[in-house]
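Please read the structure below before turning to the comments.
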Amino acid sequence: MKRLTLFALAITLIATVFAAKTPYQAVLQHSRIRGRARGPNVCAMQKIPGTDKKYFTNCKQWYHRKICGKPTEVTYECCPGYEKVIGEKGCPAALPLVNIYKTLGVIGATTTKMYSERANLQEEIEGPGSFTFFAPSNEAWAALPTEILDALVSNVNIELLNALHYHMINKRLTSDDLKHGALFPSMYQDFDVHIQHYSNGVVTVNCARLVKTDQHATNGIVHVVDRVITAITNNVNSLIDTDDDLDTLRTAVAAAGLTSLLENEGSYTIFAPTNEAFEKIPPETLTRILGDPVALKDLLNYHILKNLHCSESIVAGTPLETLQGTVLEVGCDGEEMTINGKAIVTQRDKIGTNGVIHYVNELLIPDSAKTLLELVEESVVTTASRLFKDAGLTDHLIGSEAVTLLAPLNDAFKDKSLAMTPDMKKLLRNHILKEKFSSKSLYHGQELETLGGLKLRVFVFRNSLCIENACIAAHDKNGRYANMFIVDQILAPPMGTVMDVLKADDRFSTLVGAIQRAGLSELLNKKGTYTFFAPTNAAFNAMPRADLNKLMRDPKELANLLRYHIGEEFLVSGAVTSHTRVTPLTGDKLELGTLNSTVYVNRVPVVETDLMATNGVVHAVDVIIKPLPPKIVSDQAEGSTIRRTSDVRAGTQVMKNDDLFQKVLRSHSSRTMSRVQ
């Protein structure tokens, strides 16, 4: 019964949300459902403790119980348009339908009501008409700077009246009518008010959030907003031009040729770096970017979002696309607005006719405006960064050379000698490719030339993209002139055939002799793509002496054993996932997996991976690999027994399902159904 109740609630939630006309209506209906246990027309809201902020929320926010990273408490109040009745549960009564002036008092916007009377607006909003009034809450008036409020109330017949008229539209507009990006002429000189209706249910007018909506009146409708709004007359470029704190930005915008963009129609969000933000950048970096039109344009476009986002629309971290083409993680932490997790926004919601400006005290530099050295130094590959500089390769990292850097993760250098020897310098040069590549353009079998003159092979696997043994471990870092691939290992370029690799390593001396006895030398020297799980001397020594001697005297049996250790396809360790299978030259498939960074083949740990060869790859094992025993599960169906290899964990469930199936077959309803068919 409990499950049925939960299922019914889920169906109700889905049905009501899909029936909602707008995002705001969707969160309102969700809040109604969450509050209905308290009685009719009760809405559950999430309130941020210590503030007056309350939100209707969706399912995700309800279960997270957080707004802007802060825990919320659930409060219950009457849904818009309803009120309590003494002695009755919930909010059964509709609010009295009176004129706008009286409605202001009913819904608690008493300061707006008082100022309407002082400005001689009372008669107008009591009389005939069909108005929409965006009424500032009492808290909104209290938050207004003293000098602005004094200027309004000292000239009530002009300034205060004009301000209130700007909050009014000469038609009735419900929340359903407040579409995203809509403009409506106000009753103050027809200056537009700007509506934003976001997917999370937040609705704003000139970036003021609607906190109580759809309060109907006989002569219109009232929406309570959380701030006093002012007329918008200038575009965002004019706002930048007239602010001394944005002098450097203004110069940069002109140099990048973006002035016309910020003057024309649009709906942008600009994170405007202040003069202080530019001053924090090293002079040589700033000079380089300001002197490079391409890098400068990328930098500025990285500060501009494609769509208008008021600060009140952000209730959790959200990736938002910039004009530069990448995304910024715009979020909030309590009262602070954040960008990429940092609270660098110093002033919010300076709105223009074609967008909104938020001031930031840190410059946001996209990868596309950075040198290769800057990409390396700001990433997680700190060991590689130091080694490339110690190897004297800095010139390749700071210039305009089109190259691609293969930067190993720090963990790749564990147990490796970091002494800057000639061999290490040569190896590091081979981590720089001669061209600027994107990982998306690489293909299987492609050869990439390094600064050291080597040709590196590209291998494409189902879940991995590898260059020799090094698999790409993160998204590309695309710099101004060069790119960086972060890889999981230090490159190990091939130094010969599989046979050459084995001969060069003393651990495989017994194996080399066995290969020669079995007549497989030619195979391992010719062109191919082999994966050899190569038994070390320790693997052979672990065999009983009599068994080893017998094996070595039988070339055919020895060849079969060795061929079972050789896969037909090329596979590096970075491409191994759970349940990876490799087909050997002889026998059943080898089953591979990983555990705690160790690769296993048929449950045998690989002691060293990725010894690269021109015709394959060698992985060392200290145990002779044997076929795994089959896992048998019996399936009962219609009196027959089927034997198959499968996961043994399924056995109990299979038998339970079969028992249930037999009971169904014997049931009366089943026999009846069979006759009908």
Between Thr218 and Asn99, a side-chain donor and acceptor under 3.5 Å: no
Within a reach of under 6.0 Å around CZ of Arg172, are more than 12 heavy atoms found that belong to other residues, nucleotides or ligands? yes
Can a side-chain donor-acceptor contact be found between Ser368 and Asp298 if the only test is distance below 3.5 angstrom? yes
is_close_aromatic(Phe56, His30), centroid dist under 6.0 Å: no
Inspect the contact between Asp349 and Arg227 and indicate whether a charged nitrogen and a carboxylate oxygen are less than 4.0 angstrom apart. yes
Quick one about Asn58 and Asn200 (side-chain donor to acceptor, distance below 3.5 Å, no hydrogens or angles considered), yes or no? no
Between Phe134 and His223, does the ring-ring contact (aromatic ring centres under 6.0 Å, His included) criterion hold? Intermediate values first, please. CA-CA 5 Å; Phe134 296 104; His223 305 290; 5.6 Å; yes
Is the side chain of Asp214 donor-acceptor paired with the backbone N or O of Thr174 at a distance under 3.5 Å, no angle test? no
Residues Val193 and Tyr166: closest non-hydrogen pair is CG1-O, 3.6 Å
Can you confirm whether more than 12 heavy atoms, excluding those of Leu183, are under 6.0 Å from its CG atom? yes
Is a salt bridge present between Lys370 and Glu378, judged by a nitrogen-to-oxygen distance below 4.0 Å? yes
Might you confirm whether atom CD of Glu123 has over 12 heavy atoms from other residues, nucleotides or ligands at distances under 6.0 Å? no
Nearest 0.5 angstrom please: Arg250 CZ to Thr242 OG1, how far? 8.0 Å
Heavy atoms, side chains only, cut-off 4.5 Å: are Thr57 and His64 in contact? no
Could you check whether the rings of His167 and Phe133 sit parallel, tilted or perpendicular, using 30° and 60° as the cut-offs? tilted
Are Cys78 and Cys43 close enough that their SG atoms are less than 2.5 Å apart? no
Smallest separation among heavy atoms of Gln215 and Gly81, with atom names: OE1-N, 3.6 Å
Donor-acceptor pair, His197 side chain versus Tyr24 backbone, under 3.5 Å? yes
Do any N or O atoms from the side chain of Asn206 and from the backbone of Ile229 form a donor-acceptor pair under 3.5 angstrom? no
Salt-bridge contact Glu312-Arg348 (side-chain N to carboxylate O under 4.0 Å): no
